[in-house]
Amino acid sequence: MSNELENLNKININSFQNDLISWFKREQRDLPWRKDQDPYKVWVSEIMLQQTRVDTVIPYFNRFIEWFPTIDDLADADEDKILKAWEGLGYYSRVRNLQSAVREVRETYNGVVPYTPEEISKLKGVGPYTAGAILSIAYGIPEPAVDGNVMRVLSRILSIWEDIARPASRKVFEQAVRKLICHDDPSAFNQALMELGALICTPTSPACLLCPVREHCQAFEEGVQNELPVKTKKTKTRHVQLAAALLVDDRGRFLIHKRPDTGLLANLWEFPNVEIEHPVEGERGHVDELFHTSLGLKIKLGKIIGQVEHVFSHLIWNIKVYVGKINSEYEESCDWKLVSIKEMEQYAFPVPYQKMFKMYLNQEK
DNA sequence: GAGGCGTGGGT
DNA sequence: TACCCAAGCCT
């Protein structure tokens, strides 16, 4: 590991810290989670920002803090409501883990977000990055907060040719941060590295001529800034064929179903659907049969009104959208409900089912 | 360590 | 179009 960091010796650490932090204080974006250092709000923002763009997060963050201003408010909230607050953000286990963790903070830490690496890392959904981010930003503790930005920025500055796709590589960059971090302002230092990665030291075509730490950058000096970071890994996406139905009763209510509490889109709501294991041309009676055997729904499906394609990070759904009628006497349960369009607003639906419903509303016209 | 887990934007 | 990417974590 020390070998990867040989270029650390070439950096004037004080000068680097000063150039980086003064740029950050001058140029940092005005973001809602930067208005104060409330550990709870910092925490919420860091969870939302995992694998998610700043512009996407901003409105979600504001509404989330409005709905759940404190740890107590979030701890006491209904799960359907926290999922509704997260609807459209993706990676829904984040918010369920967050609620579980704030309950833990209330019970075990008297409502105070823990401020040691050991304790904070025990919280559900708080991994090495988030732990360092909260500790440094909310508490001013000099811990590394190594995310994708930091690995990219430091791989260039220190000319580190480690493959950042390997989980083990993160430790190399944590060691680098431990050497470089400014103990007078760990919060500004960590945020500055990420801000630099977001605004200047971007994945493609970095704006080196605008970079406040260009003179410290090994990759720029060697002209290899476009070759770094090294990142392998390819995407493999599986295709899944689904048939889903908008089943409406004579009072205009739709049948919806709650997904299982683990796995993909856990505990979100959906329209009744089945996976078509072996797609067969023109076999729509087969779909009726699957609705019966898999879902216990004895109904005759109507026409197909269209198809919805949705691309996840690891798989692709293609949904054939059916319409149909259902008896008003249908017996509801905790997982199956008949709801009006207005009532539907209380339930969190993943984007593919939102697309599906919009398609239905459009063809009604 | 590898793969599951969302979504929208950029090129 | 078909990738790649964005303030990761869990199993």
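Throughout, a chain's letter reflects where its sequence line sits, starting with A, and its residues are numbered from 1.
- For the ring-ring contact (aromatic ring centres under 6.0 Å, His included) test, no residue two or more places apart in sequence or in another chain qualifies with A:Trp23.
- The hydrophobic cluster containing A:Trp161, built from Ile/Leu/Val/Met/Phe/Trp/Tyr side-chain heavy atoms closer than 4.5 Å, also comprises A:Val224, A:Leu228, A:Val230.
- A:Arg152 comes within 4.0 angstrom of sugar-phosphate atoms only, judged by non-hydrogen atoms across all strands, and of no base.
- A:Phe220 places none of its side-chain heavy atoms less than 4.5 Å from the side chain of A:Ile157.
- For the segment residues 195-208 of chain A, no residue has any heavy atom less than 4.0 angstrom from an atom of DNA chain B.
- Other residues, nucleotides and ligands contribute at most 12 non-hydrogen atoms within 6.0 Å of the NZ atom of A:Lys124.
- Residues from residues 306-314 of chain A with heavy atoms under 4.0 angstrom of DNA chain B, sorted by number: A:His310, A:Val311, A:Phe312, A:Ser313, A:His314.
- Salt bridge absent: A:Arg170 and A:Asp147 never bring a charged side-chain N and a carboxylate O closer than 4.0 Å.
- Under the 4.5 Å side-chain criterion, counting only non-hydrogen atoms from C-beta, A:Met151 is not in contact with A:Lys231.
- Contacts between residues 77-107 of chain A and DNA chain B, counted as heavy-atom distances below 4.0 Å, involve A:Gly88, A:Leu89, A:Gly90, A:Tyr91, A:Tyr92.
- Residue A:Arg34 is classed as a base contact, given a heavy-atom separation below 4.0 Å to a base.
- Interface residues of residues 38-63 of chain A facing DNA chain B, ordered by number: A:Gln51, A:Thr52, A:Arg53; criterion, heavy-atom separation under 4.0 Å.
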